[in-house]
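Here is the structure we will look at.
Just so it is clear: chains get the letters A, B, ... in the order the sequence lines come, proteins before strands, and each one is counted from 1.
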Amino acid sequence: MFKIVHAQFLAPGIKRFVIEAPRIARKQQPGQFVILRIYEEGERIPVTIENSDPAKGTINIVVQSAGKTTNLLNRLETGDSILDVVGPLGKPSDIRNYGTVVVVGGGVGTAMAYPTALALKRAGNRVISIVGARNRELVILEKEMREVSDALLITTDDGSYADKGFVTDKLRQLIDNGTRIDLVVAVGPIVMMKAVSELTRKENIHTVVSLNPIMIDGTGMCGGCRVLIDGKSEFACVDGPEFDGHKVNFEVLVQRNTMYRTAEQQSMEEFKRLQKAEAEQDEVCAATSSAQQGEQR
Amino acid sequence: MSPTASKSKNPLSPKERIQVPRQLMPEQPAEVRAHNFEEVNLGYSPELAQQEALRCLECAKPTCTDNCPVGIDVKEFVQRIVIGDFLGAAAKIREANVLPAITGRVCPQEDQCEGKCLLSKKVKPLGIGYLERFVADYEQRMGTHIVPNAEPTGKKVAIVGSGPSGLTVAGDLIQKGHNVRVFEALHEIGGVLVYGIPEFRLPKQIVREQIEYMRQMGVEFETDVVVGRTVTIDELLEEEGCDAVYIGTGAGLPQFMNIPGEHLNGVYSANEFLTRINLMKAYKFPVYDEPMLDLRGKDVAVIGGGNTALDAIRSALRLGARNAYVIYRRSDAEMPARAEEVHHARQEGIDFQMLTAPVEFLSDGKGWLTAARCVRMELGEPDASGRRRPVRMQGSEFDLPLSVAVIAIGTTANPIVQSTTPGLGTNKRGYIHATEETQRTTRKGVFAGGDIVTGAATVILAMGAGRRAANSIHQYLTTGEW
């Protein structure tokens, strides 16, 4: 069991957990992730590590509600525990002094981009960060990203905060302004990473993306996370999760991520039913306690 | 304990023994078991076991024991069954084998003990596997007797991987008085015994009982630790006070065929397919959250001819597959699967497409598998493995409609430990270099065995390596000599 020492929403549906995991905290490096399972019947899901504190023996993970497991996870509070947390998994980011690096974080991907940006900054790079989100509420880690970046550019899809548009618009501007870019690191939704890679391919700028395919064990054993890189099968958990964005077959990644859509929807409906039943239960309890016995449903 | 060289308790003359037929293993009827995950074999009754035990010829030089990777004293344990001393028989097996309920079920006995049984020259060999299973289960029901460990030595050993070889090393070393801690990457102990081998061949309850027994012996287990990532071998040696490390991480990465369409939805590696079913209980979705594709009424094929392939396709059948095929590029004779499994699979209605190989997976244009384009093969000259090489027959192409294809053509070395342990020698294929006799690696204090050294093999061979490693580790810990 891994104890949650602190839990806090960063944005609607996006929650940060500080978890006691001393072994992982000691070893975590930028670019790596954990796999967790919340209860005995639960599935194993890969989750981003935002940061770790080796001295305190804790890691920070950031989770966005999407399916049943992430929704259940985001109901956990300080003091609760997670059954299994394993990691850090995947190869760490290749941190070197490249010169000028643009770090792009899309949505909750910003949480994984952050430690990489921090490490790149410490390695002597000039770090320009671009953070994109759907709207104002979903912009996360702005302060943290600002601290580790020489410049921070923010976009929202709906223009409710900073500039309206996509991260690629900002990247385009940087290129058009003649900014010399030695490396682009993009972490976020597949469409975003694909768009960034397409843009930089034309400009011949080396681009690293962090892939998040379906995964079970995270140690290379199952092969479920195989991705097509330059026409060859590679495993995101042991060969990645970071790959050369210009070599990734994003179509196959999108297609494989839909493999369990029916089951995922079924799980989600089950979760909603559960939630509704709980709400009704609460209602009944409240009604009972105020001595209004009778037909509540 | 009676001395090993005791006088025969068997009332039958050798001639009479040969007349006794091999006792059949009671099993679930094929048409019933094809729809459930309960164990196929039901086990001998005490009467059947005693009857079977009478067949042993009690050879002066028992070749069965010589051919057992862990060296079980078969003759002696079988004699104890003859006289009804089942617990004594179990104790005898335990001297050599810490997991008898498991090996009694999954060993390829025809290649090991039974393969060399003298009876097999004239009649069917002694049912050594069935007898081993019987006494192990009997002992379990009666309450296992924990043999006291030797005086504590104060030495600490880390074991990487909780599969059959790691468990064997753990069981042997704890008995010798060492402190033993086993690290497992997954959330459950047992390695391939829990993620790979299905319930109908090895009930997980059996594995749990064997592990509980080891816990009671004093073995410590830590799950959710990927050695190489969560902690390195060097950290175990230098910072966590381990005096020796045993690496038994198993075979690892599934191999794919590198044919077009392998990324289609519906194409699985056997490891993923079986892990979803066995470890994650995906067939109990939505009670369990891990999903898998619904196989009811679907056409499913496995590619390969080993035990893993048969485990996968028989699981698919139990999950409601309409047609369940084994596609194997060689013929029956070359199939590496255990004979009993092939027999069971045929009884259950698995369709064996022998001398056949897929060359492409076809899709519906939306990323989902619809068929495997296959070719027929014929056998040519022997290849490096000594088996006749399959050669493609011209013009034999045909499409086999499929919703799910499971690739079970073998595995390659998992690189995580090797790549994070400086100085740990590996061979060309990435497997860890270890001497066969001592299981020593190129790093002082580090031993390795099982599939991570040999490539994919069997549970019992991994256990044999574990046994040699345990002796060798014990010697190293007591003498300090490398």
- Could you go through the side-chain contact (heavy atoms from CB on, under 4.5 Å) check for B:T232 and A:K27 one step at a time? CA-CA 10 Å; B:T232 63; A:K27 302 291 287 185; 3.4 Å; yes
- How far apart are the C-alpha atoms of A:E43 and B:Y288, what are their side-chain angles, what is the distance that settles it, and do they pass the side-chain contact (heavy atoms from CB on, under 4.5 Å) test? CA-CA 7 Å; A:E43 61 179 341; B:Y288 282 75; over 6 Å; no
- Task: Taking all non-hydrogen atoms of both residues into account, name the closest pair between B:M280 and A:G42 and its distance.
- Result: CE-O, 3.6 Å
- Item | Closest contact, heavy atoms only, B:V225 versus A:V86 | N-CG2, 4.3 Å
- Query: Taking all non-hydrogen atoms of both residues, which atom of B:W368 and which atom of A:M259 are closest, and how far apart?
  - Reply: CH2-O, 3.3 Å
- Note on the structure: Between A:R256 and B:L264 the two heavy atoms that sit nearest each other are NH1-O, 3.8 Å
- Message: Are more than 12 heavy atoms, taken from residues, nucleotides or ligands other than A:K247, located less than 6.0 Å from that residue's NZ atom?
- Response: no
- Query: When only pairs under 4.5 Å are counted, which of A:Q266, A:R44, A:R26, A:Q28 shares the most heavy-atom pairs with chain B?
  - Reply: A:R44
- Message: In the structure I gave you, are the side-chain heavy atoms of A:R23 and B:R229 within less than 4.5 Å of one another anywhere?
- Response: no
- What distance do A:C237 atom SG and B:L253 atom CG have between them, rounded to the nearest 0.5 Å? 8.0 Å
- Item | side-chain contact (heavy atoms from CB on, under 4.5 Å) between A:S233 and B:H263, intermediate numbers included | CA-CA 8 Å; A:S233 259; B:H263 286 79; 3.1 Å; yes
- So does A:R122 have more than 12 non-hydrogen atoms from other groups sitting under 6.0 Å from CZ? no
- Query: Where on A:Q29 is there a heavy atom nearer than 4.5 Å to chain B: the side chain, the backbone, both, or neither?
  - Reply: neither
- Query: Does atom CZ of A:R261 have more than 12 heavy-atom neighbours from other groups under 6.0 Å away?
  - Reply: no
- Thinking salt bridges, do A:R226 and B:E262 make one under a 4.0 Å N-O criterion? no
- Query: Hey, are B:E290 and A:R37 close enough for a salt bridge, meaning a charged N less than 4.0 Å from a carboxylate O?
  - Reply: no
- Message: If we define contacts as heavy-atom pairs under 4.5 Å, which of A:E270, A:E251, A:Q32, A:K68 has the most with chain B?
- Response: A:K68
- Item | Where B:P254 and A:M221 come nearest, the two heavy atoms and their spacing | CD-O, 3.1 Å
- Query: Does any heavy atom of chain A fall under 4.5 Å from the side chain of B:Q255, the backbone, both, or neither of them?
  - Reply: neither
- Partner chain A: residue of B:I416, B:N271, B:V231 with the largest heavy-atom pair count (under 4.5 Å): B:N271
- Query: Can you check whether B:P291's main-chain N or O pairs, donor with acceptor, with A:E264's side chain at less than 3.5 Å?
  - Reply: no
- Might you point out which heavy atoms bring B:V226 and A:T219 nearest each other, and give the distance in Å? CG2-CG2, 3.8 Å
- Task: For the pair B:Y268 and A:Y260, name the ring-plane relationship: parallel under 30°, tilted 30 to 60°, perpendicular over 60°.
- Result: tilted
- Item | Worked check of side-chain contact (heavy atoms from CB on, under 4.5 Å) between B:N265 and A:Q255 | CA-CA 7 Å; B:N265 294 354; A:Q255 165 226 310; 2.9 Å; yes
- For the candidates A:V34, A:V252, A:I216, which exhibits the highest count of non-hydrogen atom pairs separated by less than 4.5 Å from chain B? A:I216
- B:E240 versus chain A, heavy atoms under 4.5 Å apart: side chain, backbone, both or neither? side chain
- Can you tell which of A:I24, A:V85, A:L83 has the highest number of heavy-atom pairs within less than 4.5 Å of chain B? A:V85
- Task: Could you tell me which portion of A:T262 (side chain, backbone, both or neither) has an atom closer than 4.5 angstrom to a non-hydrogen atom of chain B?
- Result: neither
- Which region of A:V238, side chain (C-beta onward) or backbone (N, CA, C, O), has a non-hydrogen atom less than 4.5 Å from a non-hydrogen atom of chain B, or is it both or neither? both
- With respect to chain B, which residue among A:G87, A:S267, A:G67 yields the maximal number of heavy-atom pairs within a distance under 4.5 Å? A:G87
- Query: Does B:K281 pair with A:E40 as a salt bridge, N-O distance under 4.0 Å?
  - Reply: no
- What residue, out of A:I45, A:T69, A:D217, A:L89, has the most heavy-atom pairs lying under 4.5 Å from chain B? A:L89
- Task: Please flag which part of B:F273 lies under 4.5 Å from any non-hydrogen atom of chain A: side chain, backbone, both or neither.
- Result: neither
- Message: Checking the side chain of B:S269 only, and the main-chain atoms of A:G223 only, is there a donor and an acceptor separated by less than 3.5 Å?
- Response: no
- Note on the structure: Within residues 186-194 of chain B, contacts to chain A at heavy-atom distances under 4.5 Å involve B:L186, B:H187
